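Note that the structure is predicted; figures quoted are calculated from it, not measured. In what follows, every chain begins at residue 1, and chains take the letters A, B, ... in the order their sequences are listed.
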Amino acid sequence: MSDETRETPAGGTAPSRRALLGWGGAGLALGAAAAGVAVAAARSGDDDPATAADSGAAVPFHGAHQAGIATAVQDRLHFAAFDVTTKDRAELVALLKEWTRAAERMTAGHAVGDGAYGGLPEAPPDDTGEALGLKPSRLTLTIGFGPSLFAKNRFGLEGRRPEALVDLPKFPGDNLDKARSGGDLCVQACADDPQVAVHAIRNLARIGMGRAAIRWSQLGFGKTSSTTPDAQTPRNMLGFKDGTRNISGTDTAALGKHVWAGEGDGPGWMTGGSYLVARRIRMHIETWDRTSLQEQEDVFGRDKGEGAPVGRSKERDEPFLKAMLPTAHVRLAHPDSNGGATILRRGYSFTDGTDGLGRLDAGLFFLAYQRDTRKAFVPLQRRLAAHDALNEYIQHVGSAHFAVPPGVRDKDDWWGRALFS
Amino acid sequence: MRAVRFSVVTAAATAAALTAVTGCAEKSDGKGDGAVQVVAKDDSCEVSKKELPAGHIELAVQNKGSKVTEVYVLFPDDRIVAERENIGPGTKATITAEIKAGSYEIACKPGMKGHGIRQKIEVSGGKAAKRSPEMDTAVAAYRTYVQAQADETLPKVKVFTDAVAAGDIEAAKKAYANSRIGWERTEPVAESFGDIDPKVDVRADGLEDGQKWTGWHRLEKALWQDKKLGAEEKALAPVLYKDLTDWQKRVGTADITPTSMANGAKELLDEVATGKVTGEEERYSHTDLVDFKANVEGAEQSYNLLKPIASKNDAALTTTLDKRFAELNKLLEQYREDPSSYDFTSYEKVGKADRKELSDAVNALAEPLSKLAAAVTK
């Protein structure tokens with residue numbers, strides 16, 4: 001457990017509200033507080049390794065930052081991008097309030113509204129019911145606002161679009177499907193039980209009907225990066241450990257430096273928020289599988305078994321970048337090759353059956369959070385798109401960018417209040 | 001159109017709504033000794049219990065005869081409460097329904113023909129449905145609407161079936177979509193007659209084993225896909241007319257309640273959401289938007305009749321519904337040049353993004369519309 005306190009967006013060191021609220025929900029022992037280490041126990045909140053191990057627990061919804069970013073990565077994902085279909089700002093605001101209340105209930109393991117049964121027999125129940133009897137499963141729901149929401153003559157938000165919420169440039173090799181790209185809103189649902197994540201998106205979609213319609217969605221499994229460095233680093237669909245150097249969810253200094261938008265970074269409503277890039281990256285699985293082990297390891301710059309960087313013996317040994325091929329993925333992606341640019345990855349593997357040609361429709365659903373996309377994902381991806389040896393085996397087929405506002409503070413607060421108020 | 005087996009569900013749902021109005025709907029799993037055993041043979045129809053409590057009933061049917069059979073639960077006037085067709089020799093089937101107090105008949109029809117072998121049953125308990133005068137007004141007005149739709153449809157069907165019988169492909173194509181509008185506007189009521197729907201509105205993929213394909217879509221395929229009218233098609237045309245005449249005669253006897261009207265409106269949107277918006281319903285003629293419009297019109301009719309009741313109980317809901325109906329209608333208007341005609345854009349010319357927009361608008365209306373029944377009965 002970290003002995004640092006969580007940084008506030010302003011740079012202070014008070015424990016966040018979510019962290020304080022967190023320990024009860026996270027099921028930590030009361031004895032810790034009684035022993036006078038309340039702050040230490042409290043600040044750990046959902047980031048505590050012990051909590052991460054308890055896959056059934058509830059992650060506190062309220063806090064300075066939205067849960068689902070620094071939170072220890074859960075096993076499953078259902079990510080949905082929505083088009084706002086209403087033209088009425090008041091309807092959009094009402095939707096965001098209703099979504100917030102539903103999200104509070106679902107992340108705590110409760111059914112939406114009046115529940116899934118016991119109501120009027122001639123009317124459909126408020127909740128769809130497939131998560132009844134399941135644990136909260138560390139469900140987090142994280143909302144983001146896409147560039148199109150800030151378009152002129154829509155909701156009067158054109159003056160509030162953060163400069164960092166850029167239209168992503170076209171990167172060489174991109175083969176983007178419009179039907180899998182963009183969106184006015186997104187909701188990232190992460191949980192340890194896939195049914196809990198699917199239930200959450202399904203209920204939010206239902207509440208949204210008439211105001212917001214799902215544009216595309218993606219299911220993910222097998223987290224491909226970890227925000228808990230003590231845990232085993234997971235492998236991606238190419239069989240390699242991925243995310244060894246990721247930012248730890250407990251490293252408040254790194255989070256403050258690279259992930260959370262601070263005061264003065266952009267519009268005030270984004271302080272404590274973050275910028276999310278979502279990319280659907282298809283992998284050419286079959287050709288990869290018939291690539292020699294040597295080439296596979298050269299492509300990544302790590303060995304396949306241990307995950308150690310070239311010339312080193314342990315996974316977490318400091319990589320010696322110059323020992324790798326100039327086109328090695330790890331070398332090109334490393335902050336040292338990118339002027340320190342660092343992102344927090346929360347990607348998941350996906351397999352959507354086969355593609356009609358018998359090829360596995362599989363890959364990485366890449367999710368990256370950062371303080372300023374212009375200084376992180378964009379230069380990083382430019383470099384990768386131009387030089388990465390891995391490009392022979394992958395293709396970016398979907399893309400979206402969202403401004404992820406700060407957390408919902410309490411029961412009276414709602415997703416996006418600072419943007420719309 | 002739905003497959004035959006769905007008609008049982010429709011009937012049960014309608015009856016469930018009835019019992020719900022009386023407040024006597026009982027939660028029951030319908031298992032165990034609650035089930036009524038029905039043993040169907042070629043010359044008998046044995047029913048284990050003839051006196052039943054109102055509420056959920058379950059018939060456990062065994063066909064011990066040599067012929068395929070069907071079993072019906074009927075109102076005294078032969079309206080169908082619930083039914084199950086195509087129960088093969090030596091097989092079992094289950095029929096469930098919600099039933100209020102009254103006299104009923106259970107009919108087994110060996111060979112699936114004729115009047116059937118019948119047993120009377122008595123259902124007791126519960127209270128008579130209590131309806132306000134404004135509910136009665138709404139139901140009566142809707143009943144008139146349903147009958148008028150059928151009456152106005154028959155001559156249009158005649159134009160279509162005569163053209164088919166005469167082998168006039170162009171005239172038949174022209175009359176096809178128009179002949180379906182009245183049916184599509186009142187589809188949930190039409191479907192409550194479980195035996196008519198599969199004869200007139202079944203699609204190839206909805207057929208059960210051994211079922212002969214008849215009706216509109218059989219002729220639609222001949223006209224647009226096969227592009228010829230043979231002896232078989234010409235012979236099917238008068239059969240369609242006859243089956244729809246049967247519908248016209250019986251439609252006035254349909255069991256209609258405020259909640260079945262409300263849920264019927266929602267079901268019309270469900271028809272759009274599952275069959276029309278995908279282009280499945282009119283896959284050869286691509287006249288899906290005509291059906292689409294008719295379904296919405298029928299739903300709107302139900303809704304408008306119930307609105308005085310619903311707006312008292314849930315004004316926010318009726319405000320939303322007014323808005324959503326207007327939005328969906330406005331969207332649909334983009335697909336026809338003349339608002340007084342039913343010449344809509346061919347659905348094959350409606351692109352993917354536009355279909356998505358239509359689908360979103362249908363969901364936007366259907367989701368709040370699903371709350372109408374509750375608002376009516378509050």
*Check each atom of A:R215 against the heavy atoms of chain B and say whether the ones under 4.5 Å are side chain, backbone, both or neither.*
backbone
*Where on A:I207 is there a heavy atom nearer than 4.5 Å to chain B: the side chain, the backbone, both, or neither?*
neither
_A:K170, NZ atom: more than 12 neighbouring heavy atoms under 6.0 Å_ = yes
*asked:* Is it the case that over 12 heavy atoms from other parts of the model lie below 6.0 angstrom from the CG atom of A:D355?
replied: yes
*Where is the tightest heavy-atom contact between B:K323 and A:D88, given as atom of each residue plus distance?*
NZ-OD2, 4.2 Å
*Which heavy-atom pair separates B:A374 from A:A123 by the least distance, and what is that distance?*
CB-CB, 3.5 Å
*Calculate, to the nearest 0.5 Å, the distance between atoms CG and CG belonging to A:D83 and B:D360 respectively.*
7.5 Å
_Flag side-chain contact, heavy atom, 4.5 Å: A:T86 against B:E327_ = no
*Evaluate the side-chain proximity of A:M209 to B:R324: yes if any heavy-atom separation is below 4.5 Å, no if none is.*
no
*Relative to chain A, which segment of B:K352 carries a heavy atom at a distance below 4.5 Å: side chain, backbone, both, or neither?*
neither
